[in-house]
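The chains referred to below are lettered A, B, ... by the order of the sequence lines, with proteins before strands, and numbering in each begins at 1. The shown structure was predicted, so the numbers you read here are calculated from the model rather than taken from an experiment.
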There are 2 protein chains.
Amino acid sequence: MHSPELLKGTLQTIVLKVLKDQGRMYGYEITQRVKDLSDDRILLTEGALYPTLHKLEAEGMLRTETETIGKRVRKYYSLTPQGRSLVKERVSEFIAFIKTMGNVLQVELG
Amino acid sequence: MHSPELLKGTLQTIVLKVLKDQGRMYGYEITQRVKDLSDDRILLTEGALYPTLHKLEAEGMLRTETETIGKRVRKYYSLTPQGRSLVKERVSEFIAFIKTMGNVLQVELG
DNA sequence: GGTTAATACATAAGAGAATTATGCATAAGA
DNA sequence: TCTTATGCATAATTCTCTTATGTATTAACC
């Protein structure tokens with residue numbers, strides 16, 4: 001598990017990007033996907049994830065559909081057009097940030 | 001200027017690394033060095049920098065010497081042996097984090 | 001000679017983003 | 001049957017940083 005401080009500020013970027021790649025996901029699925037992609041190094045906590053999803057929905061970046069599997073409810077999230085723009089922006093920002101950090105730390109990243 | 005949230009958790013790493021590279025620096029000098037290396041994209045605030053320096057000193061990672069230039073006091077910081085270990089650890093952590101993020105975001109970084 | 005900007009340190013109050021804790025409920029596996 | 005996994009949600013707390021404030025010296029401009 002990574003030192004969690006570094007993760008701060010990356011949650012939105014992560015959520016938006018995996019949603020873009022997968023198309024349509026529910027909360028728990030997102031945590032598992034990120035866990036897998038990160039080799040168990042990034043474990044999203046529910047206390048951070050759900051408020052983030054709600055916020056992005058409220059801002060019009062995500063839309064939801066509810067599905068009932070058996071008696072269990074799943075809330076699927078997908079990107080709105082605005083959300084699509086935001087992903088690009090966030091990912092670009094992150095890449096630019098890494099580039100800058102590479103200069104400051106004088107290391108090759110990637 | 002980068003979105004400041006991404007910067008969270010990187011302050012110690014940045015401070016330690018520039019100190020390692022320069023050998024001996026005072027607070028204001030660190031802010032200017034980072035400003036230069038980052039092309040004005042990372043502007044360390046004093047409210048964050050000084051408490052961090054004090055903390056690292058209290059933990060035995062940094063040592064200080066005070067110098068008086070004219071009537072102005074400068075507090076020079078340099079790494080202790082423990083501090084040297086910490087830099088390596090922090091930089092490695094950061095590189096590992098970036099690698100992980102590359103996988104999660106499915107992008108080439110660096 | 002006077003004003004502004006830069007240099008140089010420091011700390012306190014407040015904001016923001018996450019962790020931790022808690023709560024509820026269903027389904028699967030041992 | 002009991003534990004683990006699945007699935008959502010929110011409140012309290014913690015941590016880190018920004019913003020604001022305070023003090024003081026030096027250089028640059030007009």
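- Between L43(B) atom CG and dC17(D) atom P there is a gap of 15 Å when expressed in whole angstrom units.
- Panel note: side chain T80(B), backbone M61(B); a donor-acceptor pair is recorded below 3.5 Å.
- Salt-bridge formation is not detected for the pair E29(B)/R74(B): no Lys NZ or Arg NE/NH1/NH2 atom is positioned less than 4.0 Å from an Asp or Glu carboxylate oxygen.
- As judged by a 4.0 angstrom heavy-atom cut-off over every strand, R72(B) is placed among the base-contacting residues.
- Once rounded to the nearest 0.5 Å, the distance linking CZ of R24(A) with CG of L79(A) reads 13.0 Å.
- Residue Y26(A) places none of its side-chain N or O atoms closer than 4.0 Å to OP1 or OP2 of dC8(D).
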List, with names and distances, any nitrogen or oxygen atoms from the protein found under 3.5 Å away from nitrogen or oxygen atoms belonging to nucleotides 10-14 of chain D.
unit_1  : atom_1 : unit_2 : atom_2 : d
dT10(D) : OP2    : H54(A) : ND1    : 3.3

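- To the nearest 0.5 angstrom, E108(A) atom CD is 13.0 Å from I98(B) atom CD1.
- Here dT26(C) sits opposite dA5(D) as a Watson-Crick or G-U wobble pair (both hydrogen-bonding atom distances under 3.5 Å).
- Annotation: of the two residues near DNA chain C, I69(A) and T52(A), the 5′-most nearest-nucleotide partner is T52(A).
- Distance alone, capped at 3.5 Å, is enough to place a donor-acceptor pair between the S38(A) side chain and the R41(A) backbone.
- Atom-to-atom, OH of Y76(A) to C1' of dC8(D) comes out at 14 Å; the value is rounded to the nearest Å.
- The distance from atom OH of Y77(B) to atom C1' of dC9(C) is 9 Å, rounded to the nearest whole Å.
- Note that the CD atom of Q106(A) and the NZ atom of K17(B) stand 6.0 Å from one another [nearest 0.5 Å].
- Put simply, CZ on R74(B) is 20 Å from P on dA24(D), counting in whole angstrom units.
- Nearest to the side chain of K71(B), among dT20(C), dT18(D), dT26(D), sits dT26(D).
- Contact annotation: T45(B) reaches the phosphate of dT18(D) (side-chain N/O to OP1 or OP2, under 4.0 Å).
- Once rounded to the nearest 0.5 Å, the distance linking CD1 of I30(B) with CD1 of I14(B) reads 11.0 Å.
- For the pair L56(B) CG and dT16(D) P, the computed distance is 11 Å after rounding to whole Å.
- Atom CG in L53(A) sits about 12 Å away from atom P in dA18(C), given to the nearest Å.
- What separates CG of L44(A) from P of dA9(D) is a distance of 15 Å, to the nearest Å.
- One can place CG of L11(A) at 18 Å from P of dT16(D), the figure rounded to the nearest angstrom.
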